[in-house]
Trainee: 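Sharing a structure with you now.
So that the names make sense, note that chain A is the first sequence line, chain B the second, and so on, each numbered from 1. Fair warning: this is a prediction, and the values are worked out from it, not measured in the lab.
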Amino acid sequence: MAGTADLLTARLQAAFDAMEPGADPVVRPSSRPGVDFQANGAMALAKRLGRPPAEIAAQVLASADLEGLCRQAEIAPQGFINFTVDETFLVARIQAQGADPRLGVRPAETALEVVVDYSHPNVAKEMHVGHLRTTVIGDAVCRLLGLVGHRVIRENHIGDWGTPFGMLIEHLVDLGEEEAAHELSVGDLDTFYRQARAQFDASAEFRERSRLRVVLLQSEDPETTRLWRILVDQSVAYFQEVYDKLGVLLTPDDIVGESFYNALLPVVVEELAGKGLLVDSDGARCVFPPGWANRDGTPLPLIVQKSDSGFGYAATDLAALRDRFGRLGADLVLYVVGAPQAQHLAMCFEVAHMAGWLPNRDQAVHVPFGNMLGADRKMFKTRSGASIKLVDLIDEAVSRATAAVSEKNPDLPAGERDEVARMVGVGALKYADLSTDRVRDYVFDWDRMLSFDGNTAPYLQYARVRCLSIFRRGEIDPEPYLKGTIPVGLDHPAERALALGLLEFPAAVEATLETWSPHKLCAYLFEVAGLFTTFFENCPVLKAPGPDARDSRLVLCALSAAVLGAGLQALGIETPERM
RNA sequence: GCCCCUGUAGCUCAGCUGGACAGAGCGGCUGCCUUCUAAGCAGCGGGUCGCAGGUUCGAGUCCUGCCGGGGGCGCCA
């Protein structure tokens, strides 16, 4: 089911083609009173054809078939064509949307195999605020991809390898396995890591042990591997606790850590060398993709193998690309990774393309995001300057929401109150992250994200609850109202505006996926919530003028709840039935 | 020095890939609860869209150059 604007475009296309093949009608929603959409394409044509815009517009209108779609079409002197959509058309669309379990969202023409690389915490290191955005945005992207029928392969590329593991394993040995496992299982990863670091800095003997341990790890010494496995397993269990709290799709099965690619690294080097891409530079084996320059203007290398023969992270990233397009048969790989990695990823993509692993450059996409900032517009940190644990952030969101829910609705039973508070608190945290353009830094503000006013999760959740409460109050089952069999009238402007808004849901989903920008869906849902509350204020439902008006309005309520619910779910935000 | 991102109301953010007078929330001011949840709604006030040029019938949106903020630029990941 296409958006109304798309349908109008399709109707106008032939008329525009007749003027100039391929001419774009440029249909946009209109903000003018009484006008639903406008077509701006006549002006551009007028210039090219050397004729007055209004004349072009008139000719377009004369030949376009708008039967059953538009009640009215008017030409403004500048050449805008203003359309008012036919009410019976709107009603039919509303009924069709309600009857469609997908609410009009069209499956993608071709279902793709999409790998989404996101979250990627580090073993034996605390998950902190820096992991929130990648995890939350990645989760929303996965859900949206699934919504339109793509096959999604989540890959959590955790940091489970590298020289720090010598130090971490030695610290584990010093602590004793049981004590270490205990410490890690309570989630005190920061302390564990800091202690290891402190030992490393303080003791030459420890440094030497750590160095030797790295060698043992790399040579797959069984005992060392066993100790390493303890660190990984404990950390993965801890990550899962955080993911469960956050309500994201990730599971331990999605983990494909850096170590997974170890065996492939020599293959990567071999194949690059075989294609003549590898250049020895100061002892390191590098690829120099064209177009990147160094500080001094010399070509910038992607270092695949360091001069000490160790592999850099570029090698791992290349191996992952090779694996994803080769073994996994991916059509598309998305990297939900912070903006600072842009150059690194672009170089990896370029090299993978040169090596023939990445068929087309546009099949690997960096989905970058900016930082979370504190009120002082600096990196979000605690007063003491430490990074904030993600669990603490989640817990505080829930506790703040608990306070708010208790205050606003003291009648909720304690059990339900806690559940609602969890949905509201976590939802608010996630929505704050999703609702602004991801490439920009955003300012973290508890009060704003938990506010019930404005573009927030609680406001949207509440708008949906208001829809549902009408059914509860009237002891009405909403289900029959989504069958598309109940007559709908759109006499009141608020009803009409709401209907037009609800019909844009599929278009909003598509626009969101086009640029991997969850904030577009957020903005749409906020708009729908606003349209609904206006309708709610102006159009009594249970006390409607008559049974027909009541049923008609119940259809709008049911569909509003469905669209808000589906939209929030697609963003990974839970939807309470009461608040 | 080169490259990437960014600059819109006092604050936080939208602005649908160039369309009609730039929108929303918060904060400020004013109204609205015996009526489906006031966790809400309606209204008022508030912007030379960083600056200067350019392209265009039309620019917050595209191009160039400055200014301010953030980030990246060879063996950490």
Trainee: Among the candidates B/C16, B/C73, B/G15, find the nucleotide nearest to the side-chain atoms of A/His519.
Mentor: B/G15
Trainee: Quick one: which of B/G72, B/C75, B/G74 gets closest to the side chain of A/Asn294?
Mentor: B/G74
Trainee: Output the distance between atom OH (A/Tyr462) and atom OG1 (A/Thr456), rounded to the nearest 0.5 Å.
Mentor: 12.5 Å
Trainee: Is there a donor in the side chain of A/Tyr118 and an acceptor in the side chain of A/His157, or the other way round, less than 3.5 Å apart?
Mentor: no
Trainee: So for A/Thr456 and B/G25, does any side-chain atom that can act as donor or acceptor lie under 3.5 Å from a complementary atom in the base?
Mentor: no
Trainee: Of the nucleotides B/C16, B/A39, B/G19, which has the atom closest to the A/Ala44 side chain?
Mentor: B/G19
Trainee: Is the distance from the ring center of A/Phe380 to that of A/Phe444 below 6.0 Å?
Mentor: yes
Trainee: Rounded to the nearest Å, what distance is computed from the CZ atom of residue A/Phe536 to the C1' atom of nucleotide B/A39?
Mentor: 12 Å
Trainee: Got a minute to check which stems RNA chain B is part of, using Watson-Crick or G-U wobble pairs under 3.5 Å, three or more consecutive?
Mentor: B:1-5 with B:69-73, B:10-13 with B:23-26, B:28-32 with B:40-44, B:50-54 with B:62-66
Trainee: Nearest to the side chain of A/Arg473, which nucleotide is it out of B/C75, B/A20, B/U37?
Mentor: B/U37
Trainee: Can you tell me if the side-chain N/O atoms of A/Arg578 get under 4.0 Å from OP1 or OP2 in B/U37?
Mentor: no
Trainee: Under a 90° cut-off about 0 for the syn range, is B/C33 syn or anti?
Mentor: syn
Trainee: Need one value for A/Val26: base, sugar-phosphate or nothing, where a base atom within 4.0 Å counts as base even if backbone is also close, heavy atoms only.
Mentor: nothing
Trainee: Of the listed nucleotides (B/G71, B/G19, B/C75), which one gets closest to any side-chain atom of A/Pro340?
Mentor: B/G71
Trainee: State whether A/Arg422 and A/Asp418 are salt-bridged, where the test is any N-O pair (Lys NZ or Arg NE/NH1/NH2 against Asp/Glu carboxylate O) under 4.0 Å.
Mentor: no
Trainee: Whole-Å distance between B/A14 C1' and A/Lys520 NZ?
Mentor: 11 Å
Trainee: Going by ring centres under 5.5 Å and near-parallel planes (under 30°), is A/Phe80 stacked on B/G19?
Mentor: no
Trainee: Using heavy atoms to find the nearest nucleotide of RNA chain B for A/Ser31 and A/Thr515 separately, return the residue whose nucleotide is more 5′.
Mentor: A/Thr515
Trainee: Examine the base of B/A77 for any acceptor or donor lying under 3.5 Å from a partner atom in the side chain of A/Glu258, and report the outcome as yes or no.
Mentor: no
Trainee: Between A/Arg496 and A/Asp36 (salt bridge meaning N to carboxylate O under 4.0 Å), is one present in this structure?
Mentor: yes
Trainee: Of all the choices, B/A42, B/G70, B/A39, which nucleotide is nearest to the side chain of A/Thr534 once you look at every atom?
Mentor: B/A42
Trainee: At less than 4.0 Å, is any side-chain N or O atom of A/Arg28 found next to OP1 or OP2 of B/A20? Yes or no.
Mentor: no
Trainee: Among B/U35, B/G74, B/A39, which is the nearest nucleotide to the side chain of A/Cys286?
Mentor: B/G74
Trainee: Which part of the nucleic acid does A/Cys522 contact within heavy-atom distance under 4.0 Å: base, sugar-phosphate only, or nothing?
Mentor: nothing
Trainee: CG of A/Asn294 to CZ of A/Phe288: how many Å apart, nearest 0.5 Å?
Mentor: 8.5 Å
Trainee: For the side chain of A/Phe452, counting heavy atoms from C-beta on, which of B/A39, B/G19, B/C75 is nearest?
Mentor: B/A39
Trainee: Quick one: which of B/A24, B/A14, B/C75 gets closest to the side chain of A/Phe526?
Mentor: B/A24
Trainee: I want to check a possible cation-pi pair here: A/Arg361 against A/Phe349, using under 6.0 Å from ring centre and within 45° of the ring axis as the test.
Mentor: no
Trainee: Taking donor-acceptor contacts at under 3.5 Å, does the side chain of A/Tyr313 reach the base of B/A77?
Mentor: yes
Trainee: A/Asp317 and A/Tyr335: side-chain donor and acceptor closer than 3.5 Å?
Mentor: no
Trainee: Under 3.5 Å, which protein N or O atoms sit close to an N or O of nucleotides 4-13 of chain B? Give each pair with its distance.
Mentor:
{"unit_1": "B/G7", "atom_1": "OP1", "unit_2": "A/Arg440", "atom_2": "NH1", "d": "3.0"}
{"unit_1": "B/U12", "atom_1": "OP1", "unit_2": "A/Arg377", "atom_2": "NE", "d": "3.4"}
{"unit_1": "B/U12", "atom_1": "O2'", "unit_2": "A/Arg448", "atom_2": "NH1", "d": "2.5"}
{"unit_1": "B/C13", "atom_1": "OP1", "unit_2": "A/Val443", "atom_2": "N", "d": "2.9"}

Trainee: Going by the glycosidic torsion and a 90 degree boundary from 0, is the base of B/U17 oriented syn or anti?
Mentor: syn
Trainee: Taking the six-membered ring for Trp, are the ring centroids of A/Tyr313 and A/His344 within less than 6.0 Å of each other?
Mentor: yes
Trainee: Taking only side-chain nitrogens and oxygens of A/Tyr459, does any of them come within less than 4.0 Å of OP1 or OP2 of B/C41?
Mentor: yes
Trainee: How long is the gap from CG on A/Asp160 to OG on A/Ser235, to the nearest 0.5 Å?
Mentor: 9.5 Å
Trainee: Going by the side chain to side chain donor-acceptor pair (under 3.5 Å) test, which pairs reach into residues 399-412 of chain A, not counting sequence neighbours?
Mentor: A/Glu396-A/Arg400
Trainee: Using OP1 and OP2 only, check whether a side-chain N or O of A/Thr533 sits under 4.0 Å from B/C41.
Mentor: yes
Trainee: Using a cut-off of less than 4.0 Å, is there contact between a side-chain N or O of A/Ser469 and OP1 or OP2 of B/U37?
Mentor: yes
